[in-house]
Amino acid sequence: MKNINAILLVSFGTRYLDSKQKTIDKITEKTIEAFPDYKIYQAWTSKILINLLKEQNHLLIPTLEEVIKEIIKDGIETLIVQPTHLINGLENEIMIETIVKHAPTTLNISFGLPLLSSTKDQRAALQAIIKEFYDLPKDEALVLMGHGTTHYANSVYAALDYMLKDMGYSNLFMGTVEAYPDLETLIRQVTKINPKKIHLAPFMLVAGDHANHDLAGDNRNSWKSLFETAGYQVECHLKGLGEYEEIQKIYLEHLKEAIEKINRK
C-alpha cells in the first residue's frame, strides 16, 4: 500500500560533501526519525550544484520539477514541504512558486517556515551560536558571516546583530557577504571595541564556498585576510548551522507546525 503522506526537504545545495553530510544529510536523518509515518523526499534548488555533483561525484539529487513528478507518480496526496533556507527571501519564494506551478491542484500542500521566521527562532539560533562559543574571552570578538540578499528580508541580519547586543554580547557581530551589514561596516564596528583576537564563523546552513573562500580563504579579499590587514589575529571556525542540534530542532518544529496546520483544514 502506498504511503499517501510525504515530506519534501528542500535545500539550495553544496559541493562540499563533508559539510553536506554534517548538515543537509543530518537534518534528513532527524526528519526520518521524527516522522516515521511519512515518505521522505529531497530536492535541491541549485541546478548548477546538482549537475556538478552528478558529474564529479556521481550523486543524483533531483530538482524540484523532477521530485514533483516522482511525488505525483507515487500517488502522494498530502505533501509537507520544509525548506532548509534561513530566511523567506528570493530562494524561498521561487521554491514555493515552482512547486505550486508543477504540482496538481489535487495535491494537498503545506509549506514549513524557513529557519529565522520569528523572533523566537532568531533568538534560539543565536543561542546555539553562543553555546558553541561559550568560552570566548571578553577581550576577543566573534564575527558571523550571513549570506545576505537584495530581498527586503535581508533586514533580519541587522536585527540579529542588534539582538546580540541586546542579549549582552557586545563582542559578537553579524554581517553578510552580499548585502548589509557588509564587511566594511563590521570592521568599523569591531574597531570600536579593539579586540585582541577575532573569530570568524559562517552563519549559513553549510560551510560551503562562502565559508571556505569568502570567509576563511587566503585570497586578499577574504574576511580573514582583510581583518588581518586591519591588524587583527584571526581564527576561522568552519561549522555550518545545520550541524547544530538546536538548529536542527527549529527545522523539525517548523515541520511539525506545518503538519498541524494542514491537519486543521
Side-chain angles (χ1 to χ4, degrees), residues 8-16 19-20 23-24 27 43-50 52 63-64 81-101 111-126 128-129 142-165 172-189 200-217 221-224 226 238-244 247 250-251 254:
L8 169 59
L9 299 173
V10 182
S11 299
F12 178 78
T14 180
R15 68 185 181 91
Y16 288 81
S19 187
K20 170 183 174 292
T23 58
I24 297 174
I27 291 172
W44 286 7
T45 57
S46 174
K47 294 181 180 179
I48 292 176
L49 290 172
I50 288 173
L52 186 67
T63 64
L64 285 174
V81 181
Q82 180 57 54
T84 61
H85 302 146
L86 266 63
I87 61 175
N88 189 13
L90 294 173
E91 285 290 334
N92 205 67
E93 290 181 351
I94 293 172
M95 178 271 294
I96 292 174
E97 291 172 2
T98 301
I99 290 176
V100 170
K101 177 181 178 181
F111 290 93
L113 296 172
L115 180 68
L116 305 171
S117 294
S118 70
T119 301
K120 177 184 175 183
D121 296 333
Q122 294 159 17
R123 189 177 297 275
L126 291 179
I129 298 291
L142 170 64
V143 178
L144 300 168
M145 174 193 272
H147 190 281
T149 174
T150 55
H151 193 278
Y152 60 82
N154 185 76
S155 59
V156 71
Y157 292 105
L160 288 167
D161 185 72
Y162 187 96
M163 187 177 287
L164 285 169
K165 306 304 184 294
L172 271 60
F173 301 85
M174 177 70 68
T176 71
V177 68
E178 293 189 359
Y180 182 87
D182 55 17
L183 180 59
E184 184 178 344
T185 301
L186 287 170
I187 291 177
R188 284 200 306 270
Q189 295 300 319
L200 297 178
F203 192 78
M204 304 175 186
L205 183 78
V206 301
D209 278 319
H210 284 308
N212 284 275
H213 297 292
D214 298 316
L215 183 79
N221 292 319
S222 72
W223 285 24
K224 173 179 175 287
L226 290 173
L238 300 184
K239 181 175 181 178
L241 289 179
E243 297 185 45
Y244 296 82
I247 300 295
I250 296 174
Y251 284 120
H254 288 182

Below 4.5 Å, heavy atoms only, C-beta onward: do M163 and T119 meet side chain to side chain?
->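 Yes. Closest side-chain heavy atoms under 4.5 Å.
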Minimum heavy-atom distance [X]-[Y], with the two atoms named:
| X | Y | answer |
| --- | --- | --- |
| G148 | A179 | CA-CB, 3.9 Å |
| L90 | T149 | CD1-OG1, 4.1 Å |
| L241 | I129 | CD2-CD1, 3.7 Å |

More than 12 heavy atoms of other groups within 6.0 Å of E178 CD | yes
So with a 6.0 Å cut-off around NZ of K47, is the heavy-atom count from everything else above 12?
->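 No - once you tally the heavy atoms of other residues, nucleotides and ligands closer than 6.0 Å, there are 12 at most.
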Got a second to check how far D161's CG is from L144's CG, nearest 0.5 Å?
->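 Result: 9.0 Å between the selected atoms.
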If you measure from CG on L200 to OG on S222, what distance do you get to the nearest 0.5 Å?
-> 8.5 Å
Can any side-chain N or O of [X] pair as donor or acceptor with the backbone N or O of [Y] at less than 3.5 Å?
| X | Y | value |
| --- | --- | --- |
| K224 | D214 | no |
| H254 | P114 | yes |
| E243 | G240 | yes |
| Q82 | L113 | yes |
| Y251 | T84 | yes |

CA sep, side-chain torsions, deciding dist, call: F173, T185, side-chain contact (heavy atoms from CB on, under 4.5 Å) = CA-CA 10 Å; F173 301 85; T185 301; over 6 Å; no
